[in-house]
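Here the structure comes first, spelled out in structure tokens, and everything after it is commentary.
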Amino acid sequence: MPWLGLALLALALALMMTTGWPTYAVLLGTCTIGALAGLALGAFDLALLQNLPWRIVGLLEHDLLQALALYALVGALLNRLALAGHLYHGLRKVLALVAPRAAPELAGMVLGLLLAPMNGSVGASLLTLARTAGQGWTREGLPPARRTALVAVTSTLGVIVPPSLVLLLLGDAMLRAHTEGMNMARELALPSASTASRVVNTQDILQAALVPAAALLVGWLAVAWLGARGKPRDAVPREPLSRGEGWTLLLVPLLIGALLVLVTLGRVRAVEGAAAACVLLLAWGLLSRQLTRAVLWQVLDDAMALTGALYALLVAATTFSLLLRGFGTDGLIARLMLSLQQHPMIGLAVVLAVLLAFAFVLDAFELIFLIVPIVMPPVLAQLDDAAWIATLTLLVLQAGFLLPPFGYALVLARGQVRPRPPAAALARVLAPYLAVLATVTALVMALPQTTRWLRASPTALMPAGPMNDEAVERLMREMAPPDTGDSAPPPEEK
């Protein structure tokens, strides 16, 4: 019954695109229909569905998913407190000294870079930027199409800049997929089975993404600077920094940079970094007297709403994934992908194209929970460099969020701007940013070594035999610093 699983996936995607219903509701409703059909047709028995609660509880015990609630709280604090506004105005005044015409645009992009690892999601970053840099760009007189493009482009930096939650969750998904792919390669005696000896870990992916992220940021800053050359030189008046803005510019980038480096190097876990950011933001809110009782309730309400939505999505995606495995759809996809084993790069291109298409209707979390576990194992059975493939996946997700007219970030950004810019004008402004993104993606595809220059974290050795769930979970929890990484012992036989 594997084709029935594909039919259910197509039905779910069609409902998401045409109804506007919440994604988790569509997935759970489709799962109910599929489970009843599977039981009636004898595709699987009830024991499969009885495993679902244990799968969900096991996932929620993972420390990265515990960090999800903290990331939501960080995003809510940034939205409700004036810290982002102070950062934007301070950056604009400093950059006006060296690039007066482009100061507002560059300040907004640098602000997005600083907030991207802390907000944890494209939507949270976009709302923060729309309330700070977006309003500043409106006062500066930037056209609606340019403001919309800048907000959308900058909000997607959280997809690729470590240690964002999107990147961390993809790291865990790739670890599982890499393990399954190596087991698949050994069972089928593929050539990659004789050369692959290590399983990717989260630090590998964080470090692999650094060089492409830096190249993309430099390219986008150059596009923003060149696009502002037509403005008069005195369009941005030079203003002195206030004492509060000066201290904010000194301390906030330093603290964010320190957390980024510590998490990327594995010295601090993602949940610890998120908790530290929460404590610092709460302390700043109390000291600045902005975090009143009313604001605190708003912050908690925002954080709980986002956390609930993401966990509901996780439960729905986990349920749908289990159902597809029950129908054998994952095996069908693996067979189709392995039929291209003589041309593994074609298989990788097909998977990236599928992810790009799904990015029009699914956000990053849905793709990571639902699509990546199904399509990545057969790819990683043929191509062993999972960190390189993960970096390409992140770049493709960014492109999917920005491609007009249905890109996720683009649609959200247009909803924040009045009047809404015409689609044609928005596409013209976005074109150079998308060209830079396409160039970086092509370079990473052609030169995999660009993702290896900064990899210092050791990966866990792949055991000689197939790995059971306990061994996979042990590897998923491994975030060892460079000087303490040990080889993972072979799992006990069951």
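Just so it is clear, the model here is predicted, and its values are computed rather than measured.
Partners of Phe44 by ring-ring contact (aromatic ring centres under 6.0 Å, His included), not counting sequence neighbours, listed by chain and number: Phe327. The side chain to side chain contact (heavy atoms under 4.5 Å, CB included) check on Arg325 picks up Glu180, Ser321, Asp330, Pro373, with sequence neighbours excluded. Scored by the side chain to side chain contact (heavy atoms under 4.5 Å, CB included) test, Leu332 finds Pro2, Trp3, Leu6, Arg335, Leu336 as partners (sequence neighbours excluded). Residues satisfying the salt bridge (charged side-chain N to carboxylate O under 4.0 Å, His left out) test with Asp385, not counting sequence neighbours, are Arg452, Arg455. With sequence neighbours excluded, the residues that form a side chain to side chain contact (heavy atoms under 4.5 Å, CB included) with Ala276 are Leu259. The side chain to side chain contact (heavy atoms under 4.5 Å, CB included) test applied to Val417 returns Pro144, Arg147, Thr148, Pro421, not counting sequence neighbours. When the salt bridge (charged side-chain N to carboxylate O under 4.0 Å, His left out) test is applied to Arg80, the partners found at least two apart in sequence or on another chain are Asp302. Remark: Phe369 pairs with no residue by the ring-ring contact (aromatic ring centres under 6.0 Å, His included) rule, at least two apart or across chains. In this structure, Glu272 has no salt bridge (charged side-chain N to carboxylate O under 4.0 Å, His left out) partners at least two apart in sequence or on a different chain.
Met376 and Ala177 get closest at one heavy-atom pair: CB-CB, 3.7 Å. Taking every heavy atom of both residues into account, Thr307 and Ala69 meet most closely at OG1-CA, 3.7 Å. The shortest heavy-atom contact between Leu170 and Ile205 is O-CD1, 4.5 Å. The nearest pair of heavy atoms linking Leu126 to Ala413 is CD1-N, 3.8 Å. For Leu370 against Ile374, the heavy-atom pair with the smallest separation is O-CD1, 3.4 Å. When every heavy atom of Leu129 is checked against every heavy atom of Gly108, the shortest pair comes out as CD2-O, 3.8 Å.
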Only distances under 3.5 Å count here; give the side-chain donor-acceptor pairs of residues 429-446 to other protein atoms, sequence neighbours excluded, each with its distance to 0.1 Å.
| residue | atom | partner | partner atom | Å |
| --- | --- | --- | --- | --- |
| Thr439 | OG1 | Ala435 | O | 2.8 |
| Thr441 | OG1 | Leu437 | O | 2.8 |

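The distance from atom CG of Leu352 to atom CD1 of Ile389, rounded to the nearest 0.5 Å, is 8.0 Å. Distance CZ/Arg176 to CG/Leu380: 14.5 Å, rounded to 0.5 Å. The structure places CG of Leu403 at 9.0 Å from CG of Leu410, a figure rounded to the nearest 0.5 Å. How far CG of Leu356 is from CG of Leu395: 11.5 Å, rounded to the nearest 0.5 Å.
Residues Leu27 and Thr23 meet the side-chain proximity criterion, which asks for heavy atoms closer than 4.5 Å.
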- Query: Can Thr329 and Leu9 be said to form a side-chain contact (heavy atoms from CB on, under 4.5 Å), step by step?
  - Reply: CA-CA 10 Å; Thr329 305; Leu9 181 58; over 6 Å; no
- Task: Walk me through it: do Thr154 and Trp220 pass the test side-chain contact (heavy atoms from CB on, under 4.5 Å)?
- Result: CA-CA 9 Å; Thr154 307; Trp220 280 357; over 6 Å; no
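In this structure a side-chain-to-backbone donor-acceptor pair under 3.5 Å is present from Gln398 to Thr156.
Residue pairs meeting the side chain to side chain donor-acceptor pair (under 3.5 Å) criterion with at least one member in residues 29-45, sequence neighbours excluded, do not occur. The list of ring pair (Phe, Tyr, Trp, His ring centres under 6.0 Å) pairs with a residue in residues 11-31, not counting sequence neighbours, is empty.
Paired with Leu217 under the rule side chain to side chain contact (heavy atoms under 4.5 Å, CB included), one option of Val161, Leu157, Ile160 passes, and it is Leu157.
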